[in-house]
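Below: the structure, in structure tokens.
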Amino acid sequence: GEDVGDAEIESRATVGLGHLYKYMGRSILGRASYESARALAIGVAGEDGLENASAWRREVAVDALNGLGSLALEQGEMKLGQSLLEDAKRIAGSDDLLSARTLATLAMREIRHGDYDTAMVQLEEARHRAERAGDPLLLGRILNNLGTIHSDADRFDQALEFYQSALKIR
């Protein structure tokens, strides 16, 4: 049998490495790390069996798919990025934390495309889910992004409210 503890630690470390490489601009290493983490998380269950798998498997799979989708979008691979993010959203399902993370990533795609209305809807849903999940860091990031959208639209009073709310959380 599988030593679940080791698989979980390795998966989480590998997806974390993907985030670090992405942040450093090392996209090839980031993609490789995300792919490896996704494979480790999915394991023998397969992507369709994830809803019945351990919570950590779903969390790492969603995190890896968000990373892969975000990288693809940054590299101009719009269809691939959208597909990966939709997979992440499907796997996240009703989990508030995972859904909030995915919605925030999807919103960034819409912001890059100039579709602020869609991004606002996604960020508002992400906001409510992050509040229910109790993740202050994610909530702060979402509020900051909402502030940026309002600022870009010259709605400075609303932007200021979001920025101040974000600062109070962090």
Side-chain angles (χ1 to χ4, degrees), residues 2-51 53-93 95-116 118-119 122-123 125-127 129-130 133 135-149 166 170:
E2 160 189 58
D3 184 343
V4 176
D6 287 348
E8 179 179 358
I9 291 166
E10 185 176 355
S11 295
R12 289 184 186 278
T14 304
V15 83
L17 204 55
H19 294 321
L20 179 62
Y21 284 135
K22 181 177 176 275
Y23 175 76
M24 293 171 60
R26 312 275 306 268
S27 56
I28 293 171
L29 291 171
R31 184 173 286 195
S33 296
Y34 288 138
E35 288 287 2
S36 179
R38 180 170 78 167
L40 286 164
I42 291 171
V44 294
E47 210 168 270
D48 293 331
L50 279 176
E51 61 259 5
S54 304
W56 72 263
R57 288 187 183 279
R58 273 196 341 276
E59 183 180 342
V60 172
V62 167
D63 211 8
L65 286 164
N66 278 338
L68 286 166
S70 179
L71 269 176
L73 293 175
E74 286 173 11
Q75 296 173 344
E77 299 174 72
M78 299 305 166
K79 282 187 179 177
L80 175 62
Q82 184 70 27
S83 174
L84 290 162
L85 293 172
E86 291 297 333
D87 286 347
K89 188 176 176 186
R90 182 179 46 77
I91 292 169
D95 184 295
D96 283 326
L97 179 60
L98 299 182
S99 292
R101 288 177 184 166
T102 301
L103 286 162
T105 306
L106 281 164
M108 295 314 294
R109 175 201 181 277
E110 300 306 334
I111 289 168
R112 283 193 197 103
H113 275 77
D115 187 351
Y116 295 107
T118 301
Q122 290 170 331
L123 286 171
E125 184 181 346
R127 173 184 168 187
R129 287 178 174 256
D135 187 326
L137 192 61
L138 179 60
L139 181 58
R141 205 174 80 223
I142 291 165
L143 291 169
N144 189 66
N145 289 340
L146 283 164
T148 300
I149 290 174
R170 295 177 179 205

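- Remark: Leu106 CG to Leu73 CG distance equals 8.5 Å, nearest 0.5 Å.
- Qualifying side-chain hydrogen bond (donor to acceptor under 3.5 Å, both in side chains) partners for Glu59, counting only residues two or more places apart in sequence or in other chains: Arg12.
- In this structure, OG1 in Thr118 is found 5.0 Å from CD in Glu110, a value given to the nearest 0.5 Å.
- In this structure, Arg109 has no salt bridge (Lys or Arg N to Asp or Glu O under 4.0 Å) partners at least two apart in sequence or on a different chain.
- Take Ala107 and apply the side chain to side chain contact (heavy atoms under 4.5 Å, CB included) test, not counting sequence neighbours, and it matches Ala119, Gln122, Leu123.
- Counting only residues at least two apart or in different chains, ring pair (Phe, Tyr, Trp, His ring centres under 6.0 Å) contacts with residues 19-43 comprise His19-Tyr34.
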* For Leu40 and Glu35, run side chain to side chain contact (heavy atoms under 4.5 Å, CB included): C-alpha distance rounded to whole Å, both residues' side-chain angles, the deciding distance at 0.1 Å, then the answer. => CA-CA 9 Å; Leu40 286 164; Glu35 288 287 2; over 6 Å; no
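- Identified under the salt bridge (Lys or Arg N to Asp or Glu O under 4.0 Å) test for residues 23-32, with sequence neighbours left out: Arg31-Glu77.
- Among Leu143, Leu137, Asn144, Leu138, the single residue meeting the side chain to side chain contact (heavy atoms under 4.5 Å, CB included) criterion with Arg141 is Leu138.
- The side-chain hydrogen bond (donor to acceptor under 3.5 Å, both in side chains) check on Ser83 picks up nothing, with sequence neighbours excluded.
- Every salt bridge (Lys or Arg N to Asp or Glu O under 4.0 Å) that Glu125 has, sequence neighbours left out, goes to Arg129.
- Here the CZ atom belonging to Arg127 is positioned 6.5 Å from the CG atom belonging to Leu146, to the nearest 0.5 angstrom.
- Looking at residues two or more places apart in sequence or on another chain, you find no side-chain hydrogen bond (donor to acceptor under 3.5 Å, both in side chains) involving Thr105.
- Considering CG of Leu65 and CG of Leu98, their distance stands at 11.0 Å, rounded to 0.5 Å.
- Taken to the nearest 0.5 Å, the CG atom of Asp95 stands 9.5 Å off from the OG1 atom of Thr102.
- Between Leu71 and Gly30, the closest heavy-atom pair is CD1-C, 3.9 Å.
- For the pair Arg57 (side chain) and Ala41 (backbone), a donor-acceptor distance under 3.5 Å is present.
- For the pair Ser36 (side chain) and Ala32 (backbone), a donor-acceptor distance under 3.5 Å is absent.
- With sequence neighbours excluded, no residue satisfies salt bridge (Lys or Arg N to Asp or Glu O under 4.0 Å) with Asp135.
- The shortest heavy-atom contact between Ile111 and Tyr116 is CG2-CE2, 4.0 Å.
- Taking CE of Met24 as the reference point, atom CG of Leu17 lies at 9.5 Å (rounded to 0.5 Å).
- The two residues Ala37 and Ala64 come nearest to each other via the heavy atoms CB-CB, 4.4 Å.
- The nearest pair of heavy atoms linking Asn66 to Ala88 is OD1-CB, 3.6 Å.
- Shown here are the salt bridge (Lys or Arg N to Asp or Glu O under 4.0 Å) partners of Glu10, two or more places apart in sequence or in another chain: there are none.
- Taking 4.5 Å as the limit, every side-chain heavy atom of Asp63 sits out of range of all side-chain heavy atoms of Arg58.
- Under the side-chain hydrogen bond (donor to acceptor under 3.5 Å, both in side chains) rule, Glu86 has a single partner from Arg90, Lys89, Gln82, which is Gln82.
- In this structure Lys22 satisfies the side-chain hydrogen bond (donor to acceptor under 3.5 Å, both in side chains) test together with Ser70, Glu74, sequence neighbours excluded.
- At distances below 3.5 Å, not a single donor-acceptor pair connects side-chain atoms of Ser99 with backbone N or O atoms of Ala126.
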